[in-house]
Amino acid sequence: MRHFHFSGAYVALLAGTAIGLAGSPAAHAGLLNLSNVLAYKGGQIPGQAPGVIWGALNTPSVAKNGRVVFSGSISGVAAANSLGIFSGTTSADVTLLVQSGTQAPGGPAGATMDLNGSSSGFNAETARINAAGVISFVSLFTGGGSTANVNNQAIFTGTAGGGFGMFVRRGDAAPGTAGAVLNTSFLTSNPINASGTGFFAAALTGGDVSGTTNNNGIFGGIAGNLSLIARRGGAAAGVAGGTFGTLGNPVPNMANANGQLVFGNTLNSTGGVTSANDSVLYMYTPGSGLSLLAREGNPAPGTSGATYTGSFTMNTANFNNAGQAAYGATLAGGDVVGTTNNAAFYIATTGGSTLAWRNGTAASGTDATFLSASAFNLGIDNAGRIVLSAALTGGTTTTANDSGIWYGAPGLLELIAREGSAVPTLNATFSSLSAVPARINALGQLVFISSMLSGDAALNNKQGVFAYDPILGLMPLAYAGMQLEVSTGVFKTVAGIQTLNASNSDGSSFALSDTGWLTLKLTTADSTDIIVSYAVPAPGSLALLGLGGALLVRRRR
């Protein structure tokens with residue numbers, strides 16, 4: 001058996017601590033002593049009859065208080081009841097919240113949850129929890145007067161212990177229209193923020209719908225008080241004569257705790273709009289409506305005469321509670337030199353955009369320059385700091401060290417990890433980091449998943465999940481090949497790691513809360529799914545966690 005020890009400031013901060021924190025994670029062999037296994041395939045489900053066990057499990061999300069929600073299959077019950085949504089903080093208090101084949105919450109009498117439909121049912125990672133513990137999910141249902149593909153699907157929302165209801169149902173009247181109804185399969189990632197506000201895209205039918213000219217839109221608000229945000233064919237604010245094109249997939253969880261929403265669109269070719277200026281980015285603010293953030297063909301701030309060209313790129317971690325949206329843009333003209341400096345990241349508010357990063361500039365912590373980066377791996381925290389992964393060129397860069405991860409305020413980015421650099425406490429180095437999404441929180445912590453290279457076959461080309469703290473630095477939390485004790489005396493070998501790379505509509509990640517809670521799905525060599533949560537170490541919280549002595553990572557051989 002080999003032990004890997006943390007040392008220096010990290011161990012010093014842990015030594016001698018003895019104060020407990022209610023709800024803090026329990027220690028499990030094979031992981032940092034900050035980990036907590038909530039569920040695993042083949043394990044007995046708490047509160048259910050003996051022999052009712054978990055089957056395949058889906059990627060979880062976590063709230064600020066460490067409460068985790070996840071969906072999965074149930075073995076040992078009738079097929080009609082074999083899917084469910086679960087929530088808890090430890091393996092002892094995980095509760096079955098909603099089960100297929102049971103009464104649909106908030107639905108008509110006799111309407112039961114339907115396990116069919118794959119991505120429209122429970123089993124496609126549809127369960128989400130926000131910072132305040134509000135849970136949302138998408139499901140089909142049958143019976144109770146429902147008709148397939150007409151009114152048999154809904155977004156449900158509620159809390160553990162507080163019950164659930166329908167946020168919106170397919171077939172409902174479409175607000176802001178003249179008699180149209182919602183005729184859509186809702187996306188599986190529609191979260192509701194702490195104030196109860198949610199957004200969704202929907203196809204429309206009936207009423208004032210005219211062919212494909214106005215047959216979809218974006219809607220938002222609270223249950224029972226939804227409004228139309230934008231509609232296909234409707235006037236595009238800030239663009240003279242411009243009208244919205246298709247609004248079927250606006251990334252509806254690109255929202256924040258203030259009820260703001262950011263979405264992109266390709267405008268219709270009307271009123272002077274052409275293929276050279278039809279890509280736009282908008283922000284919706286309650287009470288103020290839509291603001292144009294960026295438009296293709298417009299001058300690119302922070303450059304010498306360059307303009308935006310092509311579509312703008314964002315992911316769901318690119319919008320914070322300060323109303324700042326981070327987006328990627330391709331540049332043309334002016335000071336652009338080929339592909340050397342034709343890509344940029346901007347931070348936008350309703351007051352304008354500011355250049356945050358550009359390829360061709362110096363990469364801090366190296367003697368190289370940035371070659372490329374993707375906005376799909378970009379994140380922004382509530383203080384306006386960004387995290388990005390990028391490829392490098394020039395200087396002493398080789399194919400063995402030409403990528404990394406950076407974090408900090410624009411212009412003050414700090415190199416967090418670089419391809420080829422040593423993985424702390426493990427006999428390995430980081431593999432390519434050029435396309436690695438990292439998630440950040442209000443504590444300045446970040447978490448990412450990367451492959452490793454090593455002369456040790458047990459670590460070579462294996463995935464690991466790594467955390468960074470501004471004081472404690474970089475540390476591994478789990479890695480493929482390690483042994484994990486899923487219950488007393490039962491060990492599993494980790495083979496893969498999955499996390500949700502998305503925002504929870506409250507300015508933080510589904511996977512990493514602003515209080516340092518991280519949740520993951522681990523898979524094992526024998527195809528066991530495991531739901532696990534961690535408290536990512538922070539100097540101000542270590543004493544409270546009661547973690548005396550040095551932390552160990554144990555790997556069984």
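These values consider heavy atoms only, across backbone and side chains, with no hydrogens, waters or symmetry-generated copies. Here, residue 1 is the first one in the sequence, and each next residue gets the next number.
Using a distance-only test at 3.5 Å, with no hydrogens or angles considered, a donor-acceptor pair links the side chain of N460 to the main chain of S454. Using modelled atom types, one side-chain atom of N130 and one backbone atom of I192 make a donor-acceptor pair closer than 3.5 Å. Checked by atom type and distance alone, the side chain of S61 pairs as donor or acceptor with a backbone atom of I129 at under 3.5 Å. The closest donor-acceptor contact from the side chain of N315 to the backbone of L378 lies under 3.5 Å. Although no hydrogens or angles enter the test, the distance criterion places no donor-acceptor pair under 3.5 Å between the side chain of Q463 and the main chain of S451. Under a 3.5 Å cut-off, the side chain of S91 and the backbone N or O of A39 do not form any donor-acceptor pair. Judged by distance alone, with hydrogens and angles left aside, the side-chain atoms of D93 form a donor-acceptor pair with the main-chain N or O of T89 at under 3.5 Å. Side chain of N441 to backbone of Q445: a donor-acceptor contact under 3.5 angstrom is found.
L371 meets the side chain to side chain contact (heavy atoms under 4.5 Å, CB included) test with A391, T393; sequence neighbours excluded. For the side chain to side chain contact (heavy atoms under 4.5 Å, CB included) test, residues two or more places apart in sequence or in another chain that qualify with I53 are Q44, S75. Residues satisfying the side-chain hydrogen bond (donor to acceptor under 3.5 Å, both in side chains) test with T523, not counting sequence neighbours, are none. In this view, S73 satisfies the side-chain hydrogen bond (donor to acceptor under 3.5 Å, both in side chains) rule with no residue, not counting sequence neighbours. Scanning for ring-ring contact (aromatic ring centres under 6.0 Å, His included) contacts around F141 gives an empty result, with sequence neighbours left out.
The two atoms that bring P60 and V68 nearest to each other are CB-CG1, 3.6 Å, heavy atoms only. Across S87 and A160, no two heavy atoms sit closer than the pair OG-CB, 4.2 Å. Between S432 and S450, the closest heavy-atom pair is O-OG, 4.3 Å. When all heavy atoms of S389 and A373 are compared, the pair lying nearest together is O-CB, 3.3 Å. Smallest separation of non-hydrogen atoms from A257 and N193: O-ND2, 3.6 Å. Residues P105 and F156 come closest through the heavy atom pair O-CE2, 3.1 Å.
Looking at V62 and R67, their side chains never come closer than 4.5 Å, going by heavy atoms from C-beta outward. Under the 4.5 Å side-chain criterion, counting only non-hydrogen atoms from C-beta, M314 is in contact with M254. The shortest side-chain heavy-atom distance between T95 and L97 falls under the 4.5 Å cut-off. Looking at heavy atoms from C-beta onward, K492 lies in side-chain contact with D526 at the 4.5 angstrom threshold. Between I440 and L512 there is no side-chain heavy-atom pair separated by less than 4.5 Å. The closest side-chain heavy-atom distance from T499 to R439 is not below 4.5 Å. Using a 4.5 Å cut-off on side-chain heavy atoms (C-beta onward), T369 and L392 make no contact. A 4.5 Å side-chain heavy-atom check between L474 and I416 finds at least one atom pair inside the cut-off.
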Task: Residues Q324, I380; criterion side chain to side chain contact (heavy atoms under 4.5 Å, CB included); working and verdict - done: CA-CA 8 Å; Q324 296 173 309; I380 185 169; 4.0 Å; yes

TODO: Could you go through the side chain to side chain contact (heavy atoms under 4.5 Å, CB included) check for L413 and W357 one step at a time?
DONE: CA-CA 9 Å; L413 294 177; W357 173 92; 4.2 Å; yes

Open item on the list: Determine whether T493 and Q483 satisfy the following criterion, side-chain hydrogen bond (donor to acceptor under 3.5 Å, both in side chains), listing intermediate values before the conclusion.
Closed with: CA-CA 5 Å; T493 302; Q483 289 278 313; 2.5 Å; yes

Task: From CA spacing to verdict: side chain to side chain contact (heavy atoms under 4.5 Å, CB included), L83, I74 - done: CA-CA 6 Å; L83 291 169; I74 305 170; over 6 Å; no

Open item on the list: I'd like to know whether I386 forms a side chain to side chain contact (heavy atoms under 4.5 Å, CB included) with I347, so could you lay out the CA-CA distance, the side-chain angles of the two residues, the decisive distance to 0.1 Å, and finally the verdict.
Closed with: CA-CA 9 Å; I386 61 173; I347 297 177; 4.0 Å; yes

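The distance from atom CG of L57 to atom CD1 of I531, rounded to the nearest 0.5 Å, is 5.0 Å. Distance check: I155 CD1 to F199 CZ gives 12.0 Å after rounding to the nearest 0.5 Å. How far CG of L412 is from CD of E414: 10.5 Å, rounded to the nearest 0.5 Å. Summarising the geometry, atom CG belonging to D402 is positioned 8.5 Å from atom CZ belonging to R418; distances are rounded to the nearest 0.5 Å.
Using cut-offs of 30° and 60° for the angle between ring planes, the W406 and F370 rings count as perpendicular.
Side-chain rings of Y479 and F466 stay apart, their centers remaining 6.0 Å or farther from each other. Between F448 and Y468, the distance from one ring center to the other does not fall under 6.0 angstrom.
Sorted by first and then second residue, the side-chain hydrogen bond (donor to acceptor under 3.5 Å, both in side chains) pairs involving residues 373-383 (not counting sequence neighbours) are D381-R385, D381-Y407.
Counting only N and O atoms by type, the side chains of Y40 and T524 include no donor and acceptor under 3.5 Å apart.
Looking at T90, T519, N36 one by one, the single match for side-chain hydrogen bond (donor to acceptor under 3.5 Å, both in side chains) with S533 turns out to be N36. Checking N401, T366, D367 one by one against T396, the side-chain hydrogen bond (donor to acceptor under 3.5 Å, both in side chains) holds for a single residue, D367.
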